[in-house]
Amino acid sequence: MALLSVTVPRVSQVVVASIVVLGIYAVALAIYRLFFHPLAKYPGRLQYKLSSWPLVYQAYTGDRHIWHLKDHEKYGPVVRIAPNTLSFNTASALHTIYGARNANVKKAGFYKTVDVAAGAYSSFTETDREKHAAKRRWMGPVFSADSVKQNEAAIVDVVEQFCETLRPGGTETGTGQWGPKWNASELTTYLGFDIMGSLIFGHDFQSVQRSEHRDLADSILPTFRFLNWVSHLPMAVLIRPFMRTRLFEMAGGKPVADNNRLIDYASREVEARIANTDSSEKEATAGRLDFLSRLVQLEDKRTGWRPTPADLNTECLNMMNAGADPYSGVIAGAIFYLVHNADVLQKATAEVRATFSSTSDIHNGPALNSCTYLYACIEETLRRTAPVPSHLPRAVLAGGLSIDGHDVPARTEVGVSTYALHHEARYFEDPWVFKPERWIESAANPPERIAHARKAFAPFQLGSRQCSGKHLAYLQLKLTLAHVLWRFELRVAPGEMGRGAGGKGLGVGRERVDEFQLWDAFGFARDGPMVEVRDAHY
Ligand SMILES: *[C@@H]1O[C@H](CO)[C@@H](O)[C@H](O)[C@H]1NC(C)=O
């Protein structure tokens with residue numbers, strides 16, 4: 001009894017004191033953030049000014065891009081979206097933050113969490129500017145025109161196999177019948193994975209055709225959905241050491257475990273190439289060197305930097321992640337907008353069929369480049385369905401940065417959301433209409449207007465951080481669509497109208513029934529459309 005009467009008050013006193021101290025701290029922090037913080041003068045929702053948890057939640061639900069857009073609609077071109085973060089929505093801010101080579105920013109800490117799982121930072125996630133530059137130089141030859149030319153046949157091969165798989169009945173000659181319906185988001189995920197597998201590792205995964213490797217392809221997006229919000233956690237730095245442990249696999253579930261198998265696969269391939277270059281020599285004499293075989297042999301010409309196995313491993317995974325899923329998402333988006341816009345589909349198809357007399361003529365070159373309408377469809381899809389719809393955060397360095405006349409202090413995170421900017425009426429008239437014509441010069445659409453729009457168009461980012469695989473991505477998109485449109489008529493499967501589109505009940509900002517929905521995950525998750533094809537030539 002005596003013992004209790006002594007200890008109980010003590011424990012409760014400690015608890016009460018802690019609550020009081022924490023309470024005072026929270027109130028003081030709130031007052032500071034609202035009134036005395038360097039960003040206090042910028043508009044934004046109250047909850048954003050107080051805490052970065054709303055941003056974590058938006059990342060968790062995949063709605064970050066939607067909120068970026070809504071916030072700019074409500075507050076104008078600059079919004080404080082977290083205590084320490086500003087979002088901008090102008091072409092000039094886009095160029096100041098991402099375009100200028102010497103912009104006084106670096107990639108924010110977010111990147112450090114995203115691919116540290118593989119054991120090193122890649123040319124994409126490396127936040128140190130010098131190291132990043134060396135890696136970009138080292139990687140350069142992989143995406144050179146010469147390399148792309150060598151690898152075109154591999155892309156076409158995978159695309160043709162994909163088309164063969166779609167063929168109704170899978171017969172030699174077409175039947176004129178509509179084939180079974182397929183989920184464009186799903187099958188193109190495997191298509192993208194197979195193309196990148198072939199380009200990077202020289203390995204034909206055949207996940208479009210066979211189910212054995214699908215779990216590897218399936219792991220990429222869910223893993224990014226998970227990493228995407230985890231990386232936004234205020235204490236993400238504490239999580240990094242656990243990223244390749246059992247604990248993390250348990251938290252992330254099957255996708256993370258599957259993704260770790262992909263990491264292991266890449267690391268075995270890297271070891272095999274380092275141990276034995278025979279196979280790559282064989283390939284080289286056959287006129288084709290996969291990306292990994294090239295990378296093993298390269299060094300940075302300026303600094304002499306050579307990659308460690310961990311660097312090679314990370315880079316392969318980075319190319320896999322950056323090359324497969326965004327392409328897949330954009331192709332799914334293109335198919336969505338084509339089957340939902342009959343006149344666009346008709347025009348693009350007519351152009352491709354008038355340009356090529358058979359699929360074997362479809363190559364990178366003047367004929368493909370003359371397909372201006374097809375190219376405009378790709379641009380318009382990239383506008384509506386930007387591969388990275390939300391902020392790629394940048395941290396302002398010492399000395400600050402002037403953005404649109406605002407003196408932004410050091411350590412502030414800044415960003416522009418491509419989804420928000422690409423739907424801004426100041427740059428794109430009728431932003432919610434899918435209109436390839438906006439990219440084509442005509443009497444009604446003079447070059448100045450196109451140039452004005454292009455300033456606010458950055459599906460692959462800009463400047464020194466621009467996606468290295470941009471030209472390769474365009475080639476893949478053109479080849480894929482040209483092949484599919486040449487061979488097939490396409491339609492939404494009966495009864496499946498609306499799959500992948502917005503609608504009531506999908507939440508704020510997802511009401512448009514003619515918009516392909518994206519769930520932000522660094523790249524984005526998506527659904528449908530459910531489509532059918534039939535042979536156009538039989
Ligand atoms: C279509 O595929 C996507 C991506 O794999 C998936 O999330 C979605 O549930 C699928 N939809 C249907 C109707 O099967």
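In this chain, residues are counted from 1 in sequence order. Atoms within a ligand are numbered from 1 in the order they appear, just like the ligands themselves.
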Quiz item: Regarding D71 and Y48, is there a side-chain donor-to-acceptor distance under 3.5 Å anywhere?
Solution: yes
Practice problem: Answer yes if the side chains of D343 and Q346 hold a donor-acceptor pair under 3.5 Å, and no otherwise. | Solution: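 Looking only at side-chain atoms, Q346 and D343 do not form any donor-acceptor pair under 3.5 Å.
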Self-check item: Contacts of R353 that satisfy salt bridge (Lys or Arg N to Asp or Glu O under 4.0 Å) - sequence neighbours left out
Solution: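 Here no residue qualifies.
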Put together the list of close N/O pairs, under 3.5 Å, between ligand 1 and the protein, could you?
from	atom 1	to	atom 2	distance (Å)
ligand 1	2 (O)	N183	OD1	3.3
ligand 1	2 (O)	N183	ND2	2.4
ligand 1	11 (N)	N183	ND2	2.9
ligand 1	11 (N)	D527	OD1	2.8
ligand 1	14 (O)	N183	ND2	3.2

Practice problem: Mind jotting down which residue pairs meet the salt bridge (Lys or Arg N to Asp or Glu O under 4.0 Å) criterion with at least one end in residues 495-511? Sequence neighbours excluded, please. | Solution: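 Qualifying pairs, neighbours excluded: D63-R510, K181-E496, E496-R499, R499-D527.
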Exercise. Tell me, with the steps shown, if F143 and F291 meet ring-ring contact (aromatic ring centres under 6.0 Å, His included).
Key: CA-CA 9 Å; F143 297 106; F291 292 176; 5.7 Å; yes
Self-check item: Any residue meeting side-chain contact (heavy atoms from CB on, under 4.5 Å) with E160, in chain and number order, not counting sequence neighbours
Solution: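 Partners of E160 by the side-chain contact (heavy atoms from CB on, under 4.5 Å) criterion, ordered by chain and then number, come out as V156, T359, H483.
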